[in-house]
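Below you'll find the structure, written out as structure tokens, and then a few comments.
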There are 2 protein chains.
Amino acid sequence: MGTPTARPATLDDVARAAGVSRATASRVLGGYGFASADARARVGAAADRLGYVPDVTARALVRGAGVRLVVAVIGRAGTVLDDPYVHRVVSAASRVCAPHGVGVALEWLPLGDPSGLVRLGADRGVCGVILVNTTPTALAAVPARLRGRVVSIGTGSATVPSFDVDNAAGAEAVLRHLHATGRRRIAMVTGPRWLVCAERSVTAYRGLMRAAGLPERVVTGDFTTARGGRAALEALRRWPELDAVYAASDATAFGVIAALRGRGLRVPHDVAVAGFDDLPYAAVSSPPLTTATHPVDRIAAAAATAVLTRAPVAPTTAFASTLVTRESA
Amino acid sequence: MGTPTARPATLDDVARAAGVSRATASRVLGGYGFASADARARVGAAADRLGYVPDVTARALVRGAGVRLVVAVIGRAGTVLDDPYVHRVVSAASRVCAPHGVGVALEWLPLGDPSGLVRLGADRGVCGVILVNTTPTALAAVPARLRGRVVSIGTGSATVPSFDVDNAAGAEAVLRHLHATGRRRIAMVTGPRWLVCAERSVTAYRGLMRAAGLPERVVTGDFTTARGGRAALEALRRWPELDAVYAASDATAFGVIAALRGRGLRVPHDVAVAGFDDLPYAAVSSPPLTTATHPVDRIAAAAATAVLTRAPVAPTTAFASTLVTRESA
DNA sequence: CTGAAAGCGCTAACAG
DNA sequence: CTGTTAGCGCTTTCAG
């Protein structure tokens, strides 16, 4: 804790107190280069007696490192930033960044106009970017300056490593469960169609339906609850005999359930509903939601770590998704 | 956009290109001091031709300003950080901070051990702190160094300005609605009892019940859905004749509804349920939730603005809460 | 193994 | 109104 000086201790204070030069103190505290055991001990003692906290700002300045990590979310409207999925990414990223003295910034990149990325590249305050809901257009717009400091949660590219859940496997697990429990008239409410990584579960759905000789029934959603409700109504209109709905996100599934109930249908008795994400709320909703896990926190933490450490990473890191059966299906 | 140089343009580059000194360029770009219209024009032109983005790091260093805003949430466990309420605060704060090049960090302050605040005070990277779920203990632990850079979303103190929703009025609006629609056996599921600002709605509940000659029925919750469900069960056990539940948060209300339904009770037919917060999901849940608004975004934006601008603010800023009647009550 | 010295990019007195 | 001059706190060659 140290003496509560008016002003936080600087490296100079520590060096002086330890009787060494600033350079030596810096080496000891930073962990680089060599220092005698003696110097190491004296500097260490002085540092925590004075309650020394290195100034990330100064450090970032001299190293040209930048001081905030931007979570850039691509979407049609700025409201994407309100998605619980985004929140989880931010939380996890923040947790990883905190020890580095790095803050997080949340930014919306309009779908189709990724020019914001150029600005981010020109901003020395930005230490890296996590792209969320990545599109090919956005990937192509990543400026050279950002190379090695950008990762994607979703699809990646040659220069942007990808961290993503195994959508296809998750979708398959859910759909197999639906099939195994006797459902045969299964509709799917998708995510936004422009979202490449979300299309993987649509592909999985189509493949599985075809393989089982069942009709394909796809309605477009956008991951939101409101749209999920409207999609369910549309599905019901087109295929009144529906006995199951697979929603591409839990939020969507909640909207589907509400709409179905509004039509007097019982879930899961008349229509089974399953989601994807395993939000905390899924466990306690009524009925509790059958879904597949989406380990966003681990994904985001890995992504943040990759940009912070700049360590080389595989072009693609996939995270497993597992089925969670509850009552809705 | 500018020529894509290998390295972002610096103030020096701009000054040189405009044929003025760095100081002049700084004055123009920073908006302080005086500059001739001519200089102003030339610097402006040079800046955007070069795609100049000021380096917040350097600026923060010289001004001793710090470069990230910490949202410090007090709670029993680190899981408080997962609360949607916290997410809304972070989003709103981030939106306000972005133009300043300031990032946001999310931090958990264990209830009863606010020593983390001391560390934040010693960290030059921290430009300010927004306290969430404030306790008197935490308020007392705010180090002098942080004075003027800390605000509270919740209760405040002589040195910590408060930004908060008018809990009491919101609670009253909801309870009056319950009463007006004929409910007389109304229980309340509270927030955490250590949370001073949440007690205001309990006080309002007690006052109103007493005034109406109705029995007071209070069960402790903690704002979470899971706990809301358990609380509802407890309430049902103690007062089986219940005809309404007022939950201190929407999340709690969702848990209550699920639990009630699990017991075969219909909402709102048998038991009316109302919440507090007006989460986006409240509008589409089944049934849609009657609740009172909690303008977290405006509150958090005001709080963030206050710490960022360091402008003097009133010791307390209250934000109105209004009733939203839907189907659950 | 350690210290002196040179900046990182910017702002802020202070003279012109 | 504008340029010169000092730094902010830290890392990092480069000589001892």
Side-chain angles (χ1 to χ4, degrees), chain A residues 5-44 46-47 50-68 100-102 122-127, chain B residues 5-44 46-47 50-68 100-102 122-127:
Chain A
T5 39
R7 147 189 89 59
T10 74
L11 184 60
D12 240 343
D13 300 334
V14 174
R16 206 161 7 222
V20 300
S21 73
R22 233 168 48 210
T24 301
S26 175
R27 277 187 288 252
V28 172
L29 265 12
Y32 0 84
F34 300 86
S36 60
D38 178 53
R40 210 180 297 274
R42 296 223 308 278
V43 171
L50 265 44
Y52 173 71
V53 180
D55 180 350
V56 275
T57 312
R59 186 176 282 180
L61 177 61
V62 63
R63 293 213 280 228
V67 86
R68 67 189 205 279
H100 297 256
V102 168
D123 188 334
R124 298 169 114 99
V126 173
C127 68
Chain B
T5 40
R7 144 190 89 61
T10 75
L11 184 60
D12 240 343
D13 300 334
V14 174
R16 204 160 10 220
V20 300
S21 74
R22 234 168 50 213
T24 301
S26 175
R27 276 186 290 253
V28 172
L29 265 12
Y32 0 83
F34 302 85
S36 61
D38 178 52
R40 209 180 298 275
R42 296 224 308 280
V43 171
L50 264 45
Y52 172 72
V53 180
D55 180 350
V56 275
T57 312
R59 185 177 282 180
L61 178 60
V62 64
R63 294 212 281 227
V67 86
R68 66 189 205 278
H100 298 256
V102 168
D123 188 334
R124 288 170 190 269
V126 173
C127 68

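Residue numbers begin at 1 in each chain, while the letters A, B, ... track the order of the sequences.
Between B/Ser36 and the phosphate of D/dT2, there is a side-chain N or O to OP1/OP2 separation shorter than 4.0 Å. Within the 4.0 Å cut-off from OP1 or OP2 of C/dG3, at least one side-chain nitrogen or oxygen of A/Thr24 is found.
Side-chain atoms of A/Arg124 come within 3.5 Å of backbone atoms of B/Pro8 as a donor-acceptor pair (strictly under, hydrogens ignored). Not one N or O on the side chain of B/Arg22 forms a donor-acceptor pair closer than 3.5 Å with the backbone of B/Asp12.
Counting to the nearest Å, the P atom of D/dC10 and the CG atom of A/Leu29 are 9 Å from each other. For the pair B/Asp55 CG and C/dC8 P, the interatomic distance rounds to 12 Å; values are reported in whole Å. For the pair A/Leu61 CG and D/dT12 C1', the computed distance is 14 Å after rounding to whole Å. In this structure, B/Arg27 places its CZ atom 8 Å from P of D/dG3, rounding to the nearest Å. Distance CZ (A/Arg16) to C1' (C/dG3): 15 Å, rounded to an integer number of Å. Residue A/Asp12 contributes atom CG, which lies 13 Å from atom P of C/dG3 at whole-angstrom precision.
Under the 3.5 Å distance criterion, with hydrogens and angles disregarded, a donor-acceptor pair is assigned to the side chains of B/Thr57 and B/Asp55.
Side-chain contact between B/Val43 and B/Val20 is present, with heavy atoms from C-beta onward closer than 4.5 Å.
The side chain of A/Arg59 lies closest to D/dC10 when the candidates are D/dC10, C/dC8, D/dG7. Distances were taken from every side-chain heavy atom of B/Val62 (C-beta onward) to each of D/dG7, D/dG9, C/dT2; the shortest belongs to D/dG7. For B/Ala23, taking side-chain heavy atoms from C-beta onward, the closest of the listed nucleotides D/dC10, C/dA12, C/dG3 is C/dA12. Among C/dT11, D/dC10, C/dG3, the nucleotide with an atom closest to any side-chain atom of B/Ser26 is C/dT11. When the nucleotides C/dG9, C/dA13, D/dC10 are ranked by their closest atom to the side chain of A/Thr10, D/dC10 comes out on top. Comparing D/dG3, C/dC10, D/dG9 against the side chain of A/Ala58 picks out D/dG9 as the nearest. Of the listed nucleotides (C/dG3, D/dC10, C/dG9), D/dC10 has the atom at the smallest distance from the side chain of A/Leu11. The side chain of A/Ala35 lies closest to C/dT2 when the candidates are C/dT11, C/dT2, D/dT4. Counting only heavy atoms from C-beta on, B/Val20 has its side chain closest to D/dG3 among C/dT2, C/dG9, D/dG3.
Residue contacts for B/Ala60: at a heavy-atom cut-off of 4.0 Å it reaches no nucleic acid atom on any strand shown.
Side-chain N/O atoms of A/Arg22 and base N/O atoms of D/dT11 include a donor-acceptor pair closer than 3.5 Å. In this model, no side-chain donor or acceptor of B/Arg7 finds a partner on the base of C/dG9 within 3.5 Å.
When all heavy atoms of B/Gly51 and A/Ala122 are compared, the pair lying nearest together is O-CB, 4.1 Å. In terms of heavy atoms, B/Ala35 sits closest to B/Val28 at CB-CG2, 3.7 Å.
Both A/Arg63 and B/Arg63 lie near DNA chain D, and the one whose nearest nucleotide falls closer to the 5' end is B/Arg63. Residue B/Asp38 is the one, among B/Asp38 and B/Arg124, whose nearest nucleotide of DNA chain D lies closer to the 5' end (criterion: closest heavy atom).
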